[in-house]
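Quick notes on the structure that follows.
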Amino acid sequence: MARLNGKVAIVTGSGTGQGEAEARLFADEGAKVIVADVNFGAAQKVAAEINAKHQDSALAVSLDVSKEADWKDAVKAAAESFGPITILVNNAGILAPATYDVLTHEHWTRTMDVNAWGQMVGMQTLIPIMKAAGGGSIVNVSSLAVVNACGRFTAYTASKGAVDALTRAAAIELAGFNIRVNSIAPGVILTSMVEEAFPTQNAMDAAASVQPLRRLGRPIDVAYLALYLASDESYFTTGAQHVIDGGLSVMGGVTPDLGDQ
């Protein structure tokens with residue numbers, strides 16, 4: 001239970017869902033955690049509950065990831081409380097479903113600003129700090145939509161594709177500074193975002209039924225993968241996309257009937 005001892009991490013979108021699970025797990029593993037969310041009330045609640053379990057281990061900050069000024073304020077607050085951040089989990093994002101034929105420039109820009117630029121500006125803000133500290137780990141949350149595209153999420157899919165491309169490019173550029181950059185591509189994980197995409201129980205059941213494991217993922221499942229990538233255990237891992245989807249991305253074709261074999 002000490003895989004992140006001595007480290008300081010910021011997890012965006014950690015007021016709920018995957019980010020919340022990551023923030024709680026990181027604190028359990030010894031990290032000081034910046035709980036960052038555009039919903040400051042949600043961030044405060046999570047940070048308070050972490051601190052009740054691990055005294056003085058969490059700090060809540062208000063963060064709109066698309067705003068550079070918010071990032072600078074968050075980093076300043078973290079430095080004053082815990083010291084330099086060496087783990088960044090770019091988890092925050094929006095789903096924003098819309099079919100291609102009604103997609104507007106405003107919708108496209110907003111989705112890109114949060115999902116792609118929000119991760120880029122976070123990296124820009126944290127990289128000088130990580131360089132000064134001698135290294136760090138950046139975990140960018142992408143999506144299975146990049147691997148297995150689906151309808152109604154054109155801008156979302158494009159924004160997450162940008163995240164994967166950014167991850168690969170940054171991994172090469174930053175390797176010489178001992179900064180590792182990896183991405184996670186979650187499949188159907190039971191969060192409010194998935195509830196938005198599958199708003200009825202029938203829709204949710206249908207989504208679960210097509211998973212090879214016949215169940216949806218949990219936020220903690222993604223958090224365990226993020227923990228590995230944030231920790232020194234992933235010492236030799238950079239520039240990689242890590243799919244966590246219950247086998248959905250590899251399912252395809254027709255299963256033959258082999259009779260009694």
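The model shown is predicted, which means the values in this text are computed figures rather than measured ones. Hydrogens, waters and symmetry mates are skipped; everything else that's a heavy atom, side chains included, is used. For this chain, numbers begin at 1 and follow the sequence in order.
- Between Ser137 atom OG and Leu227 atom CG the span is 10.5 Å, to the nearest 0.5 Å.
- With sequence neighbours excluded, the residues that form a side-chain hydrogen bond (donor to acceptor under 3.5 Å, both in side chains) with Arg218 are Asp221.
- Using a 4.5 Å cut-off between side-chain heavy atoms of Ile, Leu, Val, Met, Phe, Trp and Tyr, Met112 falls into a hydrophobic cluster with Leu103, Trp108.
- Partners of Asp70 by side-chain hydrogen bond (donor to acceptor under 3.5 Å, both in side chains), not counting sequence neighbours: none found.
- Under the salt bridge (Lys or Arg N to Asp or Glu O under 4.0 Å) criterion, Lys32 pairs with no residue at all, not counting sequence neighbours.
- Among residue pairs with one or both ends in residues 105-117, none qualify as salt bridge (charged side-chain N to carboxylate O under 4.0 Å, His left out); sequence neighbours excluded.
- Scanning all heavy atoms of the two residues, the minimum distance from Gly30 to Asn5 falls at CA-OD1, 3.2 Å.
- We find the CG-NZ distance between Leu63 and Lys72 to be 13.5 Å, quoted to the nearest 0.5 Å.
- Between Ser234 and Arg180, the side chains place a donor N or O and an acceptor N or O closer than 3.5 Å (distance only, hydrogens not considered).
- A pairwise comparison of heavy atoms in Ala171 and Thr238 identifies CB-OG1, 3.5 Å as the closest pair.
- Residues that satisfy the salt bridge (Lys or Arg N to Asp or Glu O under 4.0 Å) test with Asp232, not counting sequence neighbours, are Lys7.
- Interatomic distance, Ser57 OG to Phe82 CZ, rounded to the nearest 0.5 Å: 6.5 Å.
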Identify every side-chain donor-acceptor pair in residues 203-213 under 3.5 Å, counting partners at least two apart or on other chains, and give the distances.
from, atom 1, to, atom 2, distance (Å)
Asp205, OD1, Gln201, NE2, 2.8
Ser209, OG, Ala206, O, 2.7
Gln211, NE2, Ala207, O, 2.8

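- Screening residues 81-90 for side-chain hydrogen bond (donor to acceptor under 3.5 Å, both in side chains) gives Asn90-Asn140 as the qualifying pairs, with residues at least two apart or on separate chains.
- Side-chain contacts under 4.5 Å among hydrophobic residues (ILVMFWY), followed directly or transitively, place Phe236 together with Tyr235.
- Ile184 CD1 to Asp164 CG: the interatomic distance, rounded to the nearest 0.5 Å, is 11.0 Å.
- In terms of the salt bridge (Lys or Arg N to Asp or Glu O under 4.0 Å) criterion, Glu195 has no residue partners (sequence neighbours excluded).
- Looking at residues two or more places apart in sequence or on another chain, you find no salt bridge (Lys or Arg N to Asp or Glu O under 4.0 Å) involving Lys131.
- Note on residues 19-31: pairs passing side-chain hydrogen bond (donor to acceptor under 3.5 Å, both in side chains), not counting sequence neighbours, are Glu20-Arg24, Arg24-Glu49, Asp28-Lys53, Asp28-His54.
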